[in-house]
Every structure is written in structure tokens, then in C-alpha cells.
Amino acid sequence: MDNSEGYAIELRGIVKRFPGVVANDGIDLKVRRGEIHCLLGENGAGKTTLMRVLYGLYRPEEGEIILNGQPVHMTSPRAALNHHVGMVHQHFRLVPTLSVEENIVLGLDEGTGPFVNFRKTREKISSIANEYGLSVDLQTKVWQLAVGQQQRVEILKALYREVDILIMDEPTSVLTPQEVDQLFTTLRTLVDDGLTIIFITHKLDEVMQVSDRVTVLRKGKVVSTLPTAETDKPTLARLMVGREVVFRLKKGPIKRREKILEVNDLHALNDRGLPALRGVSFDLFGGEILGVAGVSGNGQYELAEVLTGLRKSIKGRVFLAKKEVTNCSAREMNDLNVAHIPAERIRMGIVPALSIRENLILKKYRRPPFSYREFLDNKEIEENAHRAMSDYQIAAPSYETPAKLLSGGNIQKVILARELSENPSLIVAVHPTYGLDIGATEQVRQILLAQRERGAATLLISEDLEEIMTLSDRILVIFNGEVMGILDAESADIEEIGLMMAGTRHKGEEL
Amino acid sequence: MGWETWIITTLSRSLAYGTPLLLGTLGEIYAERSGVLNLGVEGMMIMGAYSGFTTAYITGNPWLGILVAAVVGGAFSLIHAFTSVTLKANQVVSGLSLTMLGLGLSGMFGRGWEGKPLPATIPKITVSGLSKIPFLGPIFFEGQNLIVYLTILLVPLLWYILYRTRIGITIRSVGESPATADSLGINVDRVRYMCVLLGGILAGMAGGYLSVAYRPAWTEGMTAGMGWIVIALTIFAFWNPAYGMLGAYLFAALYHLSYRLQPWVSPELLKAMPYAFAILVLIFVSRGTLQKRMGAPAALSLPYTRGEE
């Protein structure tokens, strides 16, 4: 047992299979007591799966879990909590309609009989909150909180359960840069108090900034475990991707053309019937990419839906090439040659059960050359599929392969091939590279830049600030359904964008 | 008959008629709060009515009839719990089949039971003293039975449990976000089973009340669409027991009025009302966005499997 000394967690030979994939392929991981240990890897490398095994959400087919030198069986989250292991999931596990304190004590036997003694629990929560600077109003309903505050509730929830080991799954993806700094300070304090933290991420900067040691995963296997101080970003990137990473995005100078899209005082409601857009106005020109930055849930998805005809606005007007298109249907927007690259590519971008060939013509199968009256022209459709697959380098056994069997990157390329095939004047792209590996990301970005070169107007909605900064010509920051300001991407300062994402209005001239 | 007597009888009968509606609604509120839509209320009710009646007839004990009705309703609801919670099947389909199964079974076994009189029924009680209160006295304290009062008492009890106890927080969290509940060690399936079971017990009781107390006789299909009205009332109550009481009695009053309107309106049309209502409800429950706006439990009718999001 000597070599277990000092390790809070030891995972030995963890194997977890899903139908068709081995998500974890014999993973060994050792995490020292009192360190921040980063799990670095691309999407699909198996980081989250591994942590779900540790948290008892998945049962591994093979391997053992050793906590503080003792082998344990993690049969359920309850078992994990009993062993003082807590997890803050990427998509928060909070009940929106319950108050903060109800969320914190949920599932615990606090109080007597069926009653919760909130006076006592409040004391304990407040003392934890004060100690770590995690203040949040306890009686507020969770849905009324901003995302950053919701994350505090998640951390409080874990600390209230007196965890020794805290797993954080991509905790920064929903935060503004300032909130990220704050989170890192909190994590440092926790570690100083003896907690052990596992931090899942795919962002190299965060690894360098926050961790003591880092384990790199690739395709379900551990590539290496290194002390952070003895490595650097290029090394980690190479380990993560498995080859040399050269960022060779070619972005030419802007050649702004005529105005394509004009949005005036746009208002719309979200699914719950609450205001999602409150007077959004902007212009978008041919040959430029306008990035929309904002924390998730501030109206950017509703904006994309209104512009693609999927949601009705309640006030305001939209003009496409000087023609009014306010509240046109999705079919009409499609026929006006507007391309939509939706956020949820499997749910909204493709018909999973249809073949690549069929998915490629979803936008235009109603017209020649693909159909005449009720009949499809299969020869044309097949030629179209050949062309698209070679132009966009879609890797698949054949064009008869159902789209659902493709990887995320190839699905996205099918969508791009379809949406961009008729040289759209306006492209609405939402999270175009979310969840893609570095290679596919690069390709997708290059395609969008080529469209810009051609003269298309692109509205790029993304939560990835780095993506917005690299691709955009101008950056629109949205908060609570309002435009906080539009900045020039060349001179934009990431700190300022962060403040605007949190609700500070841009001072200075509007672009 | 003076107009005052007319109003008093109408309201007093509404209270009696609203009782099974309220029982069913309270049960369905709990089931749906835990995230399980049970469209089988009609089936559970009619099974309760049939088994309650036959038990009361054979044993001569109407209270035993109500008890058996509750047990049968509960047992019947477990079919739905099994298909929708354990097998994760489509809850609409499973609930509808439960209704059809209940109507079919009770119709088949109930053949010989029609038209038989019960030897004893739940006694009507008059609270001496209170019944002398003008106007309200005869409505509330004359000629009602114990179940009417017990049902009214259930409302604050179930409200309190749902909003003020740990059990309630657990149930609501399972219906809003099962993944959250699961990650905190709550047994989602067990909570859902319990809530569906409670719904079945209360629906069974409602049926037993109909055939043993309200109108002590067995008729095929005697619940006559009441189960569907319960589903509608659950929605109109915003999944809150207190509003459920309001809705149940309000609807009962309207329904009762419609009987008294028969001299003027075609009885066939009035009889078709619950079914027209049922169609409206089905349209409504299939409209996701509309439900969201009314504050339906976010995970209503969605099966939960750990690790799938």
C-alpha cells in the first residue's frame, strides 16, 4: 500500500464501453491529495465518461476505484457522496423551480421527520458561503439566477455535503472571463483547505493557469500525466491531438460590401413566454462576419431562430437585402437563400435516419434539378452527393450511409455542404465548431472564412470567445436580450467584452 | 321550489359530485408532479367503481368496498408505473391503454351486476347544530357523507406535503429535473412509482365513491369521462392541490347545472360534453410549449435513464 500514500484517488484499468465505442479503454489515473488535477482532452476523449464512472453514474466493465488507499464500489451517486466525492456537472444539476436552499438540501436528511429545519441549514450554508466567498441569496429561485451564480450554488451543494474530492466538468464554458478568474480563486482556496479537485477541460490556457498536474486523454486512453510547471501549451496540444498542431487560419482583410441584413428594434419571447429579445438592432454587411458574444441564455438562440424563421418576433422589423422579411416562415427564409447552421446539429441539422445523399438535398429537393413534379431525379442527387463529399471532404463509406452514423465533424460538414451549396447571401451559424476536434474545427472555420471572402454576410453566434475573436470582423455583445455594444474585433479587449457580457454597456461610439 | 332551495340543492349536489373529481385530481397532481403523465385515470376509476360495488354487495360493508376500490385502483396504476417508469415506454400510449383496459374489463365482468341494489351504502350524515346555519348549513352539513369531508381534509394535507416537507421537495425535483435528483442520490424510479401509486389509490377511491356512495349501483361505463375531466383539472389547477379543489367544485357545479338545463338543451349534446372536453385535453397535453408556459413539471411525460441527457 506504500505507493498509494498521498493519493486521494487511484483509478486502475477503467474500461467503459458504449454501443459501438470504447469510451474509456483501460485508464489509469492517480490524483494526489490536495492538488488541482486537470483532465485534458478533446471532445469525445472520454474525460466526462471517466468522471461519471468515478461519480457512480456509470458502471465500468473493468477496473477498480481506490479512494485514500481503500478500494470502493461506486454503484450510484449516493455511494459517491457517501465517500465524499462531489461533482459539478457541465450542465448544472439544479431544479430551476426550487429555491437555492431547497436545492442545496435536496436529498439530505436535514431536520426531523419529513420537515427541513431551514433555520439550521441556513446557518451552515451561510458559514460555508462566507468562508469561500460564494455568496448567493438563499431564498431566490434558481431560475432567476445568472449562470455564474448557479455554478456557485452547485459548488455550495457539494461543500455542504462535506466532499473531499470535487470534480468540475468544464466549469468555465458558461462564464465570463472575470467570473473565470473568480472561480479559479475559489478553487485555490478550496485546495488550500485540503480539498482535491479534478478539473475537466479542453482549453490549454486553463490548464496552465489553474492546475498542479495534468493528465491528457486521447481516444479513451491516457497519453501522459505531467506536472504543469514542467510543460507548455504546444506540448499539451500535441499530446491532446496526437500530431503537430499548426494554426494556419487564413483571414484576409475585410472587403465590406452592400448591406445584407438590417435588424430594427427586434423583440421576441422565449419558450416560457418571457422576453428573450428586447429591442435588438444591428446591420450586417456582405463580406463580413459579425460575432455575437454572450453568456448562454441571453437571447442569442432566440435571435438565430427569429432570423431563420423558426420563431416569431412580437415587435420590430427585419430586412434582408432591403426587402422586409419580418416573421417570414422558415421555408420562405430558406427560399430567400439564408443558410442556417443550427446549434443542435443532430436534432435540427440533419435527419439522422436518412442517408447523406438525402440529407444533402433537404433544402432544395422540391425543385429541379433534383425533382420534377413528384419525382426525384436520383442521378442528379447522386452527382450532388459525390460533389459535396469531395468538396467538403466528408469521410463516410458511401453516400448511402445514414447521417446518424457519422462523427460530429462529418455531420457538420454535411450540413455546411447543404447550406452553402447555393451561395447564400446570409449565413446564421450557431456554435459551428462546438464539440468538434481540432482538425474539424479548423476546416469549418476555414469554410466560413471562404464564404466571407465570397461576399456572404455571416452572423456567428458562439459561446467560445476565442472563436468569436478569431473569426469576426465586428463583435456584438448581447446581455439579457439587449445589445450591450458592437466592437471592432481588431481592437476589442477581451476584458471589456467580459464586462459587457455581464451587463455593462459599451462606452464610446457604436459601430 | 323557491330559488333559494334550488341553489342550495345545486350546490350541495355539486359538493357531492365534485368529490370524486377532486380525489382523482389530487392523485394525478402527485403523479404529474413526479413527472409521470397518467392518462389512465378513467380506467383506474372504473375499476375502483366496479370492485368497490361488488365488494360492498357481497360483504354488505360499504367501507370495505371503498377500501378494495382504493387497493384495486392502486394495483391497476402499477401497470402504468411499470411500463412508463421501468420500461420507459411512451406514457401517453400506456395511459390510454390503461383506460381502455379498465373500461373493457369492468364492462365484461360487470355484466351481471347491473341493476342490483346495494344492501348498505355509506351513510349520509347531518351535523346537528352546524346544519342550522342559514344557507351554508344545508349545503355543507346536511346529507353529505364522511368521504366528502375526508377528501376536503386531504387538500391542505397534500398541499402541505408538496410545498413544505422534504417529501414534497423530493417529488417536485424528480418531476422538474430527474437528473439532478439522481445525482443527489434520490431514487427517481421509486419516487415516481410511489406518486403513480398514490394517484391510482385516489382514483380507485373516487370510483368506489361513485358506485358505493354517490349513486349506489353499478352501470357499465358509469365514470362517463370523469377521468378525462380529472386530467384537465390537473392542468387547470397548475399542478397545485389548492387550485385543484377550486377547479373540481367549480366544474362539478357547472356539470350539475347542465343537468338542470336538460329541459332546454338536448341531453345528447350535454352527454357529449365530457368527451369534447377529453379531446380538448388531449390536444392540450400534446402541446409542449403551451404546457411550459403554464408551469408544467419540466420532465412531465419524459422517461428518465441515468447517463442519457
Side-chain angles (χ1 to χ4, degrees), chain A residues 16 18 23 48-49 52-53 55-59 75-82 86-99 101-118 121 141-143 153-154 157-158 160-161 167 269-274 311, chain B residues 29-30 32-35 156-192 194-195 198 238-240 287-300 302 304-309:
Chain A
K16 176 68 197 169
F18 292 111
T48 300
T49 304
R52 287 186 171 182
V53 166
Y55 192 60
L57 281 165
Y58 292 146
R59 301 290 294 276
T75 48
S76 69
R78 167 148 283 188
L81 287 169
N82 288 342
M87 179 161 178
V88 175
H89 299 262
Q90 185 180 10
H91 304 286
F92 297 148
R93 295 287 195 262
L94 294 169
V95 184
T97 52
L98 295 185
S99 70
E101 58 184 356
E102 284 174 325
N103 265 286
I104 291 175
V105 300
L106 185 61
L108 291 174
D109 300 334
E110 303 289 279
T112 39
F115 306 104
V116 183
N117 183 349
F118 276 114
T121 57
K141 299 260 185 283
V142 162
W143 64 267
V153 180
E154 281 282 32
K157 223 166 82 179
Y160 190 90
R161 286 163 175 74
I167 306 163
L269 302 177
N270 65 13
D271 286 347
R272 286 200 176 264
L274 304 170
R311 182 179 294 273
Chain B
I29 286 174
Y30 264 64
E32 293 197 10
R33 276 288 185 173
S34 78
L157 180 71
L158 290 179
W159 182 90
Y160 193 81
I161 292 176
L162 196 58
Y163 289 104
R164 291 286 181 274
T165 67
R166 212 164 57 216
I167 304 168
I169 300 177
T170 306
I171 291 172
R172 286 185 289 144
S173 70
V174 166
E176 288 290 338
S177 175
T180 301
D182 187 29
S183 77
L184 293 174
I186 291 168
N187 188 333
V188 172
D189 285 7
R190 195 171 68 198
V191 171
R192 290 189 163 176
M194 289 304 180
C195 287
L198 177 70
F238 296 95
W239 296 267
N240 179 333
R287 286 277 305 183
T289 42
L290 207 58
Q291 287 210 352
K292 243 188 228 170
R293 286 191 187 182
M294 286 191 66
L300 182 59
L302 302 176
Y304 173 70
T305 313
R306 182 180 285 175
E308 276 178 17
E309 278 151 88

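Below, chain A is the first sequence line, B the second, and so on; all start at residue 1. Side-chain atoms are counted along with the backbone in the values below, which use heavy atoms only and exclude waters and symmetry mates. Here the structure is a predicted model, which is why all the values come from computation and not from measurement.
You'll find the side chain of B/Arg33 reaches within 4.5 Å of the side chain of B/Ile29, heavy atoms only. Within the 4.5 Å cutoff, the side chain of A/Val95 has no heavy atoms near those of the A/Val142 side chain. Between A/Tyr160 and A/Thr121, some side-chain heavy-atom pair lies under the 4.5 Å cut-off. Side-chain contact between B/Ser173 and A/Leu98 is present, with heavy atoms from C-beta onward closer than 4.5 Å. Considering only heavy atoms from C-beta on, B/Met194 stays 4.5 Å or farther from B/Ser34 through its side chain.
Ranked by heavy-atom pairs under 4.5 Å with chain B, the list A/Val116, A/Val105, A/Thr97 is led by A/Thr97. When each of A/Phe118, A/Phe115, A/Phe92 is checked for heavy-atom pairs under 4.5 Å with chain B, A/Phe115 comes out on top. The choice from A/Leu106, A/Leu81, A/Leu108 that makes the most heavy-atom pairs within less than 4.5 Å of chain B is A/Leu106. For chain A, the option among B/Ile161, B/Ile167, B/Ile169, B/Asp182 with the highest count of heavy-atom pairs below 4.5 Å is B/Ile169.
Only the backbone of A/Leu94 has a heavy atom closer than 4.5 Å to any heavy atom of chain B. Contacts of A/Thr75 with chain B are made by backbone atoms alone, with heavy-atom separations under 4.5 Å and no side-chain atom involved. In this structure, chain B has heavy atoms under 4.5 Å from both the backbone and the side chain of A/Asp109. Both the backbone and the side chain of A/Leu57 come within less than 4.5 Å of a heavy atom of chain B.
Of the possible polar contacts, none joining the A/Arg59 side chain to the A/Ser76 backbone as a donor-acceptor pair under 3.5 Å is found. Distance alone, capped at 3.5 Å, is enough to place a donor-acceptor pair between the A/Glu154 side chain and the A/Arg93 backbone. Side chain of A/Tyr55 to main chain of A/His89: no donor-acceptor pair is present (N/O by atom type, distance under 3.5 Å, no hydrogens or angles).
Residues of residues 184-191 of chain B having a heavy atom under 4.5 Å from any heavy atom of chain A, listed by number: B/Leu184, B/Gly185, B/Ile186.
Within the model, atoms CG of B/Leu162 and OG1 of B/Thr170 stand 10.5 Å from one another, a figure rounded to the nearest 0.5 Å.
In terms of the salt bridge (Lys or Arg N to Asp or Glu O under 4.0 Å) criterion, B/Glu176 has no residue partners (sequence neighbours excluded).
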